[in-house]
**Student:** 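Pasting a structure here, questions to come.
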Amino acid sequence: MSSISFRGRDLLDVETLSTEDIQHILDAVPSFKEVSERDIKKVPTLRGKTIVNLFFEPSTRTRTSFEIAGKRLSADVVNISVSTSSVSKGESLRDMADNLAAMQADVLIVRHHVAGVPHFLARSVPQPVINAGDGAHEHPTQALLDVFTLQEKWGSLQGRSALIVGDIASSRVARSNVLAMRKLGMQVCVCGPPTMLPVGLDQLGVESTSDFDKAIQSTDVVMMLRMQRERHKDVLFPSLAEYAGRYCLTGERLRRAREGVVVMHPGPINRGVEIAPEVADGLASVILQQVTNGVAVRMALLYLILGGG
Amino acid sequence: MDLLIRGGRVIDPEQGLDAHLDVRVAEDRIAEIGRDLPLPASGSSCAAAPRVVEAGGWIVVPGLIDMHVHFGEPGYEHRETIASGLAAAAAGGFTAVAVMPDTQPVHDTPTVTEYILRRAGIVHGARLYPVGAVTMGLNGESLAEIGGMHKAGIVALSDAPQSVGSARLMRRAMEYGCMFDLPILSHCEDRVLAGNGVMHEGAVSTILGLPGVPAAAESIIVYRDIQLAALSGAHLHVQHVSTAETLSLLRCAKNRGVNVTAETCPHYATLTDEAVRGYDTNTKVNPPLRPAPDVEAVRSGVRDGTIDAMASDHLPQHVADKEQDYLAAAPGMIGLETSVGLALRLYHDGLLPLPQLVAAYTSRPARILGLPHGSLRVGALADITLIDPEHEVEVDAAALHSRSQNTPFLGWRLRGAAMATIVGGSIIFERKQGV
């Protein structure tokens, strides 16, 4: 029996999870995945629990994924979307958290455009807080569903290699995946123009390159990040066309990769910008499996934090 | 009231003095320094009874000067009033502070100078020396009323906590300030390069996902201002040095004979950017906390004298402005009441002897600002600080005299504290003991 328990714990980042913590979560996923495959996709596990989705940043898929996960476990799910313009002061952030805590929600799932806000809330309220993406910091449930998807395919990830491509500096998905993959024994290389590679990557045990055509030849999985179109105003690259020319995962590029390479994308995808349609829809792509697994991983987490151990 | 301070180790770098001596104060002046001075004659015609202060185990030094503080009066009294700021100064061992001009209205006219001095005059605390703005409204566009403010009593010019963005305007300010012998205290930061950064750009900012400020944002402007000081002949004082590169630029400039001095703050010699982990907004400060190699360089700079002075950059912020997300939170930390305890770590760590540390708090800032303080020579104003380098104090929000509590050092046990602060012969602060 494992001595690990997540009951009542926050899930703020992958950084502070141990390898055993991660595996403990992943091991719980298959039985919840099975629930989603039933005709009646609902179990009474979390009946009477209240889950609050507190989203300060627009999100469709992560919020929906958490909502479906909660509902399949019979919890009551409340969605609160807060436009960032109406809450620009942390004072009201604090007040909002205090109010939700006073209404005795059982867990807060938080997304915010500023790194560290889930940590701030976790300090302010007694309830457990799950980080659903904070600024350019972390998106731990995304990384958990990504490594779960890879484990489903390969079993152990030990010794496997990953290439993450795109705007690494501003990507919470990249950070959480780098950490999770490293903890599970993978080698990770990140790829993008130097303007999108943050400093200090070497201290994370990560390689970096700007040469996508070369790097794609020696990896087991290619994870493409969503290109935020407005980012080129910050002089990170000259034009979307030039970016796509060097960093779009096209069928031609993919043919240089190893046999059996896996293509991932956290979504939502920009077809033709960072990934070509034929690749997104192709045989190597697990993009929709990621989405399916996202619900199962979030069900497992909610169960571990609110109910089980 | 006359005072006799007995049995302390008297350190006065200005006179090259470091010995166990007694100090006698008559009215507001230092009357005598020597071995085993006799008790003041009691029952003299003087109405007040003489007071003996036993300073065994303590050091007796010229009143400490903090040449870089921010108060909130006028305009931001909820952060700090002149009275609360001067009380915090006294409790930290400071007998004089130089106050930056970022008030509301900005201290850019002699009217504000007069207001501040009048308010400070009714406070029984540390002395206040106002610093006037370089530019009107700290807007970086036109010169403030420098001559008028000088006449009213400012001791230096600064746009802190802003950097003067235009090199041309900075040059003119330096040239104009020369007419009044006013040093320019420069907050060196290339704001365009710093962008929306809120912490040092490095491995920690990468992990935390917070926008970073590269070290070059500081040194680029340090280099610019050194060039402008050489061009204009003005006295440039670089505020809150935080990077290794700034130190090498300063060494080079000093070797070339440019009229440049510099300060750092205890936090840049104590904390690294690792302190930002956990997103405590009290660690948000400008310039940002730097990684270990820079902290080591700052400590070396204090030891070899490249950094002339220690200053706190005391910047009070209301709790509502700190209880925010890390991007929105206001920058700054208070420092008057932790400065001595943090700086003494340099001594306790064996990095530098006490006289050198004392000079960074007394004779050197006095000289930079042209103040009639910083020495215990006979006849000088009796501004004296008594410090017990071993006295341990836990930093406790409730015990702070400042109106704000924005410090990342809450809960720290600091070794060494001011035990009494004397301004013009009068004891303005005594630490309660035996608790």
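Below, chains carry the letters A, B, ... as their sequence lines are ordered, and counting in each starts from 1. Worth knowing before you read on, the calculation uses all heavy atoms, side chains too, and leaves out hydrogens, waters and symmetry mates.
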**Student:** Using a 6.0 Å cut-off, check whether atom CD of A:Glu207 has over 12 heavy atoms from anything other than its own residue.
**Tutor:** no

**Student:** Report, as yes or no, whether the 6.0 Å neighbourhood of atom CZ on B:Arg251 holds more than 12 heavy atoms from other residues, nucleotides or ligands.
**Tutor:** yes

**Student:** Identify, with sequence neighbours excluded, every residue that meets ring pair (Phe, Tyr, Trp, His ring centres under 6.0 Å) alongside A:Phe66.
**Tutor:** none

**Student:** Kindly compute the distance separating CG (B:Leu327) from NE2 (A:His112), expressed to the nearest 0.5 Å.
**Tutor:** 9.0 Å

**Student:** Does B:Arg277 pair with A:Glu15 as a salt bridge, N-O distance under 4.0 Å?
**Tutor:** yes

**Student:** Report the option among A:Ser124, A:Gly200, A:Ser171, A:Ala122 that has the most heavy-atom pairs separated by less than 4.5 Å from atoms of chain B.
**Tutor:** A:Gly200

**Student:** Using a heavy-atom cutoff of under 4.5 Å, enumerate the residues of residues 127-146 of chain A that contact chain B, numbered in order, or state 'none'.
**Tutor:** A:Asp134, A:Ala136, A:His137

**Student:** On a heavy-atom basis, which atom in B:Gly209 and which in A:Ala115 lie closest, and how many Å separate them?
**Tutor:** O-CB, 3.6 Å

**Student:** Could you grab the distance from atom CD1 of B:Ile207 to atom CD of A:Gln203, nearest 0.5 Å is fine?
**Tutor:** 8.0 Å

**Student:** Near B:Arg168 CZ, under 6.0 Å, is it more than 12 heavy atoms from other residues, nucleotides or ligands?
**Tutor:** no

**Student:** So what's closer than 4.5 Å to chain B heavy atoms on A:Arg172: side chain, backbone, both or neither?
**Tutor:** neither

**Student:** Decide yes or no for B:Glu323 and A:Phe120: does some side-chain heavy atom of the first lie under 4.5 Å from some side-chain heavy atom of the second?
**Tutor:** yes

**Student:** Roughly how far, to the nearest 0.5 Å, is OG1 of B:Thr206 from CZ of A:Arg175?
**Tutor:** 6.0 Å

**Student:** So for atom OH, which belongs to B:Tyr223, do other residues, nucleotides or ligands contribute more than 12 heavy atoms lying within a distance under 6.0 Å?
**Tutor:** no

